[in-house]
Protein chains: 2
Amino acid sequence: MTKNPPVKVSFKAQMLLAREDAIIRSVNLMLAQKGFDAMTVDEVAADVGIAKASLYKHFPSKEDLAAAAMVFVMRRAQQYLDELPTQATPFEKIKQVVRWVMSLKLAGEMPSLPSQNSSLRTTLMNNKDYMDGLMDVSDRLGAWIEAAQAQGDISSKLPAIAVLYTLYARACDPVLEFLKMGDLYNDDQVIDLVMATCFDGINAR
Amino acid sequence: MTKNPPVKVSFKAQMLLAREDAIIRSVNLMLAQKGFDAMTVDEVAADVGIAKASLYKHFPSKEDLAAAAMVFVMRRAQQYLDELPTQATPFEKIKQVVRWVMSLKLAGEMPSLPSQNSSLRTTLMNNKDYMDGLMDVSDRLGAWIEAAQAQGDISSKLPAIAVLYTLYARACDPVLEFLKMGDLYNDDQVIDLVMATCFDGINAR
DNA sequence: GTCTATAATCAGATAGAC
DNA sequence: GTCTATCTGATTATAGAC
């Protein structure tokens, strides 16, 4: 379509990416606020400010829309892991990641997907970017968990995989919303409370 | 089929209750398996073996159907609390309840509702039976929590309400499914692992 | 109260002009 | 690629006969 290939194409490509980024951010917020089922493609289109048909030029289905949002948060997670202070111990890194994830959820930026939806699961499992990101994050966290267990910071009685899942679950912990709803605690206090139950449990010591 | 009035009326009423009970059990299982949004009224009717229009004679809406299922589990919970051994300490009772709730979830008998759905929330909040049951269960658990804190079994650093929410969250903990999916652990082992993370945390002691 | 048949609506996806 | 307009299917809910 263009007559001067290099500049014009680059500009158009940037516009394209910017629009897709806007779409993904919108989907991300909607998934966090309403969840996958309640989110409608019409709403996303309206929020982004484009026609629904245009959305479908970028993403072939609602499931792919959600998958793109998950790829986005995976990238954010990878970037966050990259930027953790290198001198921190594995245990400190883990705690910081969990704290960060919960702050994302409280800020309404952590998309929530129904774990039962099969079509969505299929789309996610077939999405290489998402799966690669998930594997990478899991590998890094898993290595830190094992290191923290070796150093006596995390209980060695627990399988590392159980610890990993327990950490992941903090990203969709309803306790965060419940405690926030009561208006008794602010966000930082809510996070401190859930951090305490997560790492120390509810038993007295 | 019989001609004696008193018996006949009673029999019909029993049939009615039995049918409603069958409906609720079906809804309960479907909510646990697929969740509220994915569950369709057609499926429920088909599963019960009656016409959809008949369902709507019993329950005026899908939301009320789900609410009835929640009332059902609330009653089950109240009954379970009633039957706990009286000589057990509050802490022991709490642990037993949590274990029971997780076994229900693993057995696919714990309905999962989207906490965000507003129409469902409204129906639930307006359902006196449900709210009464929830309050009763919360009061009893709350009293046990405070007693356990006084006896030094549960950490006194945590507000009782945070402990209560943490226990409730075990009824919809995705870690249970994740660990079960891996096929590394059987149901009892999965429950033991989540019990350990819930009460002892993941820290080493 | 139960049924068959149907209304009414909503949401995901597409056609086709520009 | 973006738009308007539309299709298609699924789903909640109801009408009306028996």
S.K.: Mind checking if Ser54(A) touches a base, just sugar-phosphate, or nothing, with heavy atoms under 4.0 Å?
M.R.: base
S.K.: Out of dT4(D), dT12(D), dT2(C), which has the shortest distance to the side chain of Thr40(B)?
M.R.: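 Minimum distance to the Thr40(B) side chain belongs to dT12(D).
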S.K.: Assuming nearest nucleotide by heavy-atom distance, tell me which of Ser61(B) and Lys57(B) is located more 5' along DNA chain D.
M.R.: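 Taking each residue's closest nucleotide, the earlier one in sequence belongs to Ser61(B).
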S.K.: How long is the line joining NZ of Lys52(A) and C1' of dC3(D), in whole Å?
M.R.: 13 Å
S.K.: Find the distance Glu63(B):CD to dT11(D):P and express it as a whole number of Å.
M.R.: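 My rounded result for the distance is 15 Å.
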S.K.: Please evaluate residues Lys180(B) and Glu177(B) with respect to the criterion side-chain contact (heavy atoms from CB on, under 4.5 Å), reporting the C-alpha separation (whole Å), side-chain torsions for both, the decisive distance (0.1 Å), and the verdict.
M.R.: CA-CA 5 Å; Lys180(B) 188 173 183 178; Glu177(B) 307 160 57; 5.5 Å; no
S.K.: Using atom CD1 of Ile50(B) as one end and atom P of dA13(D) as the other, report the distance to the nearest whole Å.
M.R.: 15 Å
S.K.: Do any side-chain nitrogens or oxygens of Tyr56(B) fall under 4.0 Å of OP1 or OP2 in dA13(D)?
M.R.: yes
S.K.: Send over the distance from Gln14(B) CD to dG1(C) P, rounded to a whole Å.
M.R.: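 Rounding to the nearest Å, CD of Gln14(B) and P of dG1(C) are 14 Å apart.
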S.K.: Scan Lys62(A) against the nucleic acid and name what it touches under 4.0 Å (heavy atoms): base, sugar-phosphate only, or nothing.
M.R.: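 Counting heavy atoms under 4.0 Å across all strands, the contact made by Lys62(A) is with sugar-phosphate only.
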S.K.: Please report, rounded to the nearest Å, how far the P atom of dT2(D) is from the CZ atom of Phe59(A).
M.R.: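 One finds 11 Å between P of dT2(D) and CZ of Phe59(A), rounded.
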S.K.: Separation of Leu55(B) atom CG from dT11(D) atom C1', in whole Å?
M.R.: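 In whole Å, dT11(D) C1' and Leu55(B) CG are 14 Å from each other.
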S.K.: Look only at the side chain of Gln33(B) and the backbone of Met30(B), and say whether a donor-acceptor pair between them is shorter than 3.5 Å.
M.R.: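 Not a single qualifying donor-acceptor pair exists.
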S.K.: If I take atom CG in residue Asp42(B) and atom C1' in nucleotide dT9(C), what distance separates them, rounded to the nearest angstrom?
M.R.: 15 Å
S.K.: Looking only at side-chain N and O atoms, does Asp136(B) offer a donor or acceptor that is under 3.5 Å from a partner on Ser138(B)?
M.R.: no
S.K.: Round to the nearest Å and state the distance from Phe36(A) atom CZ to dG12(C) atom C1'.
M.R.: 10 Å
S.K.: Using only heavy-atom distances, determine whether the side chains of Glu109(B) and Asn28(B) contain a donor-acceptor pair under 3.5 Å.
M.R.: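 Judged by distance alone, the side chains do not pair up.
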S.K.: Looking only at side-chain N and O atoms, does Ser156(B) offer a donor or acceptor that is under 3.5 Å from a partner on Gln149(B)?
M.R.: no
S.K.: Base, sugar-phosphate, or nothing for Met39(B), non-hydrogen atoms under 4.0 angstrom?
M.R.: sugar-phosphate
